[in-house]
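For clarity, every value in this text was computed on a predicted model and none was experimentally measured.
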Amino acid sequence: MIIPTRYTALSMAAALALTACEGPNLNSDPTPDRALDPQDEFWSALSTHCGKAYAGELVSEDAADADFVGRDMVMHVRECSDTRIAVPFHVEGEDGTWDRSRTWLITRNDAGGLRLKHDHRHEDGESDAVTMYGGDTEPGEEGAGSAREQDFPVDAESIALFEREGLTASVTNVWTVAVDPVGTDNGVFAYQLKRTVDGGAPEDRHFRVEFALNQEVEAPPAAWGQE
């Protein structure tokens with residue numbers, strides 16, 4: 001039987017009204033996922049090691065670092081918060097005692113990037129004359145680094161310190177920290193200092209220590225002045 005035309009029109013209007021009431025598909029997500037910030041990923045990777053300590057060694061070959069060759073070394077991710085991660089660096093001396101004078105401090109800076117500083121103390125806890133030097137990651141995408149590795153070129157405050165203390169060779173320093181998240185196969189934490197003639201240094205300099213993240217060791221005592 002053919003439905004009269006006026007009923008056809010009413011049916012179509014009702015169907016349109018029902019469709020409008022259904023609204024948009026709430027299961028769809030028109031906004032693509034935002035790419036994770038590599039500095040946030042780096043921070044998270046380092047934070048996964050909080051409380052853990054690892055054995056390491058010198059892997060560079062500069063003659064200036066002869067005293068570090070063959071020495072036992074331990075890094076300890078001792079303190080973690082949303083704004084600061086403290087990593088003491090312990091080196092066994094020739095006489096079997098440990099030098100606990102160095103702590104690497106990684107913090108968030110005011111520009112939204114990362115900052116590396118070196119807290120150097122004497123055994124009595126007093127600050128060394130050369131302390132709290134370091135640098136910030138470069139601003140912008142080019143300075144964002146990667147989830148695994150961040151570079152920290154020397155900052156103006158540290159340049160002034162080095163010049164005041166007669167350490168002019170250090171005014172072109174670039175420090176690098178690399179880390180794999182906990183559980184990574186053959187994961188490594190690395191700390192590196194590098195300066196080059198091309199970058200303005202009087203001579204090339206390369207210091208690098210690496211710590212195998214599958215070689216967890218007992219946490220050492222606190223660094224000097226960090227008790």
Side-chain angles (χ1 to χ4, degrees), residues 42-43 45-80 85-107 114-121 128 130-135 137 145-154 158 167 169-170 172-182 184-196 199 201 203-224 226:
F42 173 87
W43 188 278
L46 184 54
S47 296
T48 64
H49 299 282
C50 200
K52 298 180 181 297
Y54 302 96
E57 62 182 351
L58 180 76
V59 297
S60 52
E61 298 179 344
D62 276 14
D65 302 317
D67 289 346
F68 286 89
V69 175
R71 300 294 178 203
D72 287 339
M73 301 177 179
V74 172
M75 59 80 75
H76 179 202
V77 188
R78 186 170 188 266
E79 176 190 336
C80 300
I85 300 177
V87 184
F89 171 44
H90 307 263
V91 182
E92 187 179 28
E94 186 176 359
D95 60 358
T97 61
W98 284 82
D99 181 340
R100 307 190 191 280
S101 64
R102 306 171 182 88
T103 299
W104 300 315
L105 300 175
I106 299 176
T107 59
L114 300 179
R115 173 171 294 161
L116 170 69
K117 289 290 184 176
H118 300 72
D119 188 347
H120 284 198
R121 305 289 185 101
D128 191 79
V130 181
T131 190
M132 297 308 292
Y133 60 85
T137 53
S146 70
R148 185 179 186 275
E149 185 171 287
Q150 294 289 322
D151 291 334
F152 302 88
V154 64
S158 302
L167 302 172
S170 298
T172 60
N173 282 1
V174 177
W175 295 275
T176 300
V177 178
V179 63
D180 293 306
V182 71
T184 302
D185 289 342
N186 302 313
V188 171
F189 174 93
Y191 165 90
Q192 175 179 281
L193 158 66
K194 194 170 186 179
R195 56 179 178 261
T196 65
E203 59 183 5
D204 290 345
R205 180 76 171 93
H206 183 213
F207 173 85
R208 184 180 178 91
V209 289
E210 295 184 357
F211 300 81
L213 298 180
N214 61 356
Q215 294 184 26
E216 188 174 354
V217 297
E218 183 178 352
W224 298 338
Q226 307 293 334

| query | Would L105 and M132 count as a side chain to side chain contact (heavy atoms under 4.5 Å, CB included) if you check the C-alpha gap in whole Å, the side-chain angles of each, and the deciding distance to 0.1 Å? | reply | CA-CA 9 Å; L105 300 175; M132 297 308 292; 3.9 Å; yes
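- Evaluation of the salt bridge (charged side-chain N to carboxylate O under 4.0 Å, His left out) rule for D151 yields no partner, not counting sequence neighbours.
- Counting only distance, with no hydrogens or angles, the side chain of T97 and the backbone of G93 share no donor-acceptor pair below 3.5 Å.
- Here the side chains of W104 and V177 are not in contact, with every heavy-atom distance at 4.5 Å or above.
- Expressed to the nearest 0.5 Å, how far OG of S158 lies from CG of L167 amounts to 11.5 Å.
- Within a 6.0 Å sphere centred on CG of D67, other residues, nucleotides and ligands contribute 12 heavy atoms or fewer.
- Taking H49 as the reference, Y54 meet the ring-ring contact (aromatic ring centres under 6.0 Å, His included) condition, with sequence neighbours excluded.
- Within the structure, the salt bridge (charged side-chain N to carboxylate O under 4.0 Å, His left out) test picks out the following pairs touching residues 53-63 (sequence neighbours left out): D62-R205.
- Annotation: salt bridge (charged side-chain N to carboxylate O under 4.0 Å, His left out) contacts of D99 (sequence neighbours excluded): R102.
- Residues K117 and T107 have side chains not in contact (no heavy-atom distance under 4.5 Å, counting atoms from C-beta outward).
- Between T103 atom OG1 and H76 atom NE2 the span is 11.0 Å, to the nearest 0.5 Å.
- Not counting sequence neighbours, the partners of E210 by the side-chain hydrogen bond (donor to acceptor under 3.5 Å, both in side chains) test are R208.
- Looking at every heavy atom in both residues, T137 comes nearest to F152 through CG2-CE2, 3.8 Å.
- Scanning all heavy atoms of the two residues, the minimum distance from A147 to A45 falls at O-CB, 4.5 Å.
- The shortest non-hydrogen separation linking D65 to S60 is OD2-OG, 4.3 Å.
- Annotation: side chain of V77 is in contact with side chain of I85 (closest heavy-atom distance under 4.5 Å).
- Under the ring-ring contact (aromatic ring centres under 6.0 Å, His included) criterion, Y133 pairs with H118, H120, F162, W175, sequence neighbours left out.
- Listed by chain and residue number, T196, V197 satisfy the side-chain contact (heavy atoms from CB on, under 4.5 Å) test with D204 (two or more places apart in sequence, or in another chain).
- Here the closest non-hydrogen pair linking E149 and F42 is N-CD1, 4.1 Å.
- Remark: E216 pairs with K52 by the salt bridge (charged side-chain N to carboxylate O under 4.0 Å, His left out) rule, at least two apart or across chains.
- Taking the side chain as every heavy atom from C-beta outward, Y191 and F89 never approach each other to under 4.5 Å.
- The shortest non-hydrogen separation linking L58 to F68 is CD2-CB, 3.9 Å.
- Judged purely by atom type and a 3.5 angstrom limit, T48 uses its side chain to pair as donor or acceptor with the backbone of V182.
- To the nearest 0.5 angstrom, T131 atom OG1 is 4.5 Å from D119 atom CG.
- Side chain of T184 to backbone of P181: a donor-acceptor contact under 3.5 angstrom is found.
- A search for salt bridge (charged side-chain N to carboxylate O under 4.0 Å, His left out) contacts involving R115 returns D136, not counting sequence neighbours.
- Annotation: side chain of T172 is not in contact with side chain of V154 (no heavy-atom distance under 4.5 Å).
- Q226 has its side chain out of reach of P88: every pair of non-hydrogen atoms, C-beta onward, lies at least 4.5 Å apart.
- A search for side-chain hydrogen bond (donor to acceptor under 3.5 Å, both in side chains) contacts involving D180 returns R148, not counting sequence neighbours.
- Residues in residues 186-196 take part in no salt bridge (charged side-chain N to carboxylate O under 4.0 Å, His left out) pair, two or more places apart or across chains.
- Evaluation of the ring-ring contact (aromatic ring centres under 6.0 Å, His included) rule for H90 yields no partner, not counting sequence neighbours.
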